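In what follows, a single structure is set out as structure tokens and then discussed.
Counting starts at 1 for both ligands and their atoms, following the listed order. Computed from a predicted structure; not experimentally measured. Because only heavy atoms are used, hydrogens play no part in the values below, and waters and symmetry mates are left out as well, while side chains stay in.
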Amino acid sequence: MDPKKEIEKLKKIIERHNYCYYLLNHPEISDPEFDALLKKLELLEARHPEFISSDSPTQRVGGTAAPEFKAHVHSKPMLSLDNVFSFEALDAWWERIQKSLKGEKVELVVEPKMDGVSLAIIYEKGLLKTAATRGDSSVGEDVTANGRTLQSIPLKLYADKAPQRFECRGEVYLFKKDFEELNKQLEKSGEKIFVNPRNSASGALRQKDPAITAKRHLRFVAHSIGEISAEISYKSHSQFLEICKKFHIATPLDIPLCHSPREVQKIYEDWEKKRESLPYEIDGLVIKVNSIEQQKALGFTAKSPRWAVAYKFMAHQAESELLNAEFSVGRTGVITPVAKIKPVSCGGVTIASVTLHNFNEVKRLGVKIGDRVLIERAGDVIPKIIRKVKESPQGKEILPPPQCPSCGSEIMHDEEDGVAYRCLNSSCPAQFERSLLHYASRDAMDIEGLGEAVIEQLLQKKLVNNIADLYSLKKENLLTCKLFADKKAEKLLREIEESKKRNLSKLLFGLGIPHVGSKIARILAERFSTLENLMKESVESLMKIQELGPIISESLYQFFKRKENQDLMCRLKEAAINFKEPKRTSKGSQLSGKSVLFTGELESMNRSQAEAFVTELGGNAVSAISKKTDYLVCGKDPGSKLEKAKKLGVKILTEEEFIGLKGGEPW
Ligand code: IVH
């Protein structure tokens with residue numbers, strides 16, 4: 001057979017089996033048979049590389065690992081859902097809808113609420129162009145290279161005539177068995193395990209190396225509509241799902257339609273019963289008004305559609321015995337009590353330790369070592385103790401330790417905040433270990449491979465005594481630790497080297513300055529452009545910045561005033577760490593460092609889009625007015641902010657003027 005034709009034929013066969021496996025949940029061939037087909041295609045393509053196309057199933061893992069993800073501005077916000085926890089609350093939602101729709105007949109779709117992370121997938125002329133995370137709902141991260149590795153996301157829509165644009169949103173999740181398998185592997189290689197399938201799905205989707213994502217068995221299921229070009233028409237949510245299915249995008253199976261909360265309740269109870277035995281985690285059901293016209297009539301609140309609601313299941317609970325209490329030391333020296341319990345299975349995940357948050361919480365719960373306790377695990381939340389079930393007659397009280405479990409220094413009660421007990425030794429190894437972990441974390445300097453187990457070893461061997469020491473690590477140093485072999489050592493050194501290029505905002509966040517979170521770090525980096533500029537500022541001048549109050553300003557000032565921190569900055573500079581924040585040039589810097597507030601309704605865009613563009617133009621969208629606000633953009637029916645702005649002398653822009661900032665293009 002002509003090799004081109006043979007390749008095309010094989011591609012079709014593979015796609016069909018993918019469809020049966022991931023969409024219909026009904027494989028027609030075994031895994032080895034499937035792998036053999038893929039291998040055959042790979043061989044053929046290797047012999048005829050001129051016929052390889054980007055939509056081939058062999059081309060899912062491609063490109064090189066990117067140090068950072070690009071921002072993706074969503075065509076319309078990726079909203080969240082309102083929750084209800086009882087039949088009464090569901091009924092009240094239904095009543096509101098009935099009232100708004102003036103008694104029209106309403107059809108409801110009931111879908112499982114997958115416990116994963118949302119992803120938008122965008123096809124242009126039938127080809128997968130972009131995959132993006134939800135982010136802050138307006139701007140997400142472009143994770144296309146990773147999205148391509150999911151077998152349940154077609155690289156090409158299955159259609160003779162593909163639409164110009166088709167954006168579908170859905171959930172990325174993991175089967176429970178794949179999650180457990182992954183944790184086993186991570187544990188074996190000394191890496192940190194994930195608390196639940198949802199966290200591991202999120203972690204896998206944000207891997208820098210798509211080859212790793214590909215190995216994590218992520219799955220995608222469609223659940224909502226993005227921007228779709230006009231040649232595709234659908235009148236209801238179920239019709240939209242049918243279209244997805246026709247294109248070979250995975251959709252929830254067997255979605256029932258109903259017409260009353262009573263019917264929904266019946267389905268809810270059925271799902272609740274089968275919840276434990278499902279291969280994936282769900283945390284409730286999502287109830288949606290089916291008709292698109294009615295959805296439009298009902299509209300949205302700022303955060304969620306009025307036409308949909310999540311009917312959540314109760315969190316997983318289990319009983320166990322409190323065996324012991326351990327104390328962990330955080331980055332800022334705060335001591336957190338952690339309860340060790342007799343391992344118990346809770347919603348498919350084995351739990352052996354639960355947080356007690358702080359000593360006030362221990363008092364409130366009145367729990368002692370030896371007691372029987374009820375624990376709860378909900379979604380991505382760390383498991384916690386709900387209450388004491390049975391008191392032990394020999395119960396031992398859980399009290400703050402007199403000395404730091406890491407360095408032995410005296411523990412002090414923080415009178416100011418009243419709750420915390422702290423180790424005040426600034427060179428406490430446990431605090432340093434946490435600080436390093438924070439420095440290496442994804443939103444900070446993003447050093448992959450510098451996890452808990454590795455840091456522990458580096459500290460044990462005294463290879464790293466301060467952040468700057470990371471940059472003088474050598475391969476032979478790493479090889480003295482038992483976790484490292486040649487390749488792994490080289491990879492970590494490459495990652496550390498790579499981290500030198502991170503933007504100032506990431507460095508500032510990574511330094512762990514008290515009260516400086518990632519958002520404040522970004523504002524500071526954009527405003528001052530270089531670390532040297534920021535270090536020169538006085539408390540008074542810092543306070544002039546809209547987002548900075550006295551606490552943050554003072555904290556920054558004190559941090560940079562300390563001799564040891566100044567020395568650290570010098571060493572980082574010597575190590576050639578980037579101290580600059582690039583100007584945002586993608587869309588412009590017309591609003592660089594400016595704070596912008598909105599009032600009234602805008603005609604050409606919704607609020608989240610407008611705010612996203614302020615960010616793109618280098619500004620900060622703020623939510624309250626003060627004399628530090630630079631601009632108030634005034635739409636139709638403005639609120640009281642307009643009067644205040646006039647009084648405070650804040651510059652007022654019309655919608656037209658605001659749009660003009662972008663050079664007059666339509667948004
Ligand atoms: S619809 C505009 N349907 O739950 C409506 N969401 O808590 C958008 N989710 O952000 C969501 N299963 O990531 C919808 N069947 C389902 C879902 C679902 C899971 C997630 C989704 C959303 C979150 C809200």
Ala310 near ligand 1, heavy-atom distance under 4.0 Å? no

If you apply the rule side chain to side chain contact (heavy atoms under 4.5 Å, CB included), what do you find for Arg16 with Glu28, and how did you get there? CA-CA 10 Å; Arg16 195 188 132 62; Glu28 287 177 356; 2.9 Å; yes

Nearest protein heavy atom with distance in Å, relative to atom 20 (C) of ligand 1: Glu171 OE1, 3.4 Å

Which part of Lys113 is near ligand 1, with near meaning a heavy atom under 4.0 Å away: side chain, backbone, both or neither? both

Which residue holds the protein heavy atom closest to atom 17 (C) of ligand 1, what is that atom called, and what is the gap in Å? His223 CD2, 3.3 Å

Among protein heavy atoms, which sits nearest to atom 2 (C) of ligand 1, and what does the distance come to when rounded to 0.1 Å? Pro305 CG, 3.6 Å

Return a yes/no value for Val117: is any of its N or O atoms, backbone included, closer than 3.5 angstrom to an N or O of ligand 1? no

His223 pairs by side chain to side chain donor-acceptor pair (under 3.5 Å) with which of Lys288, Glu111, Glu171? Glu171

When you measure from atom 15 (N) of ligand 1 to every protein heavy atom, which one gives the shortest distance, and what is it? Glu111 OE1, 2.7 Å

Selection from Lys312, His237, Lys288 by shortest heavy-atom distance to atom 3 (N) of ligand 1: Lys288

Could you tell me whether some N/O pair between Ser224 and ligand 1 is separated by less than 3.5 angstrom? no

Polar-atom distance check: Arg134 versus ligand 1, any N or O pair below 3.5 Å? no

Numbered atoms and elements of ligand 1 in range of Met114, under 4.0 angstrom, heavy atoms: 12 (N), 19 (C)

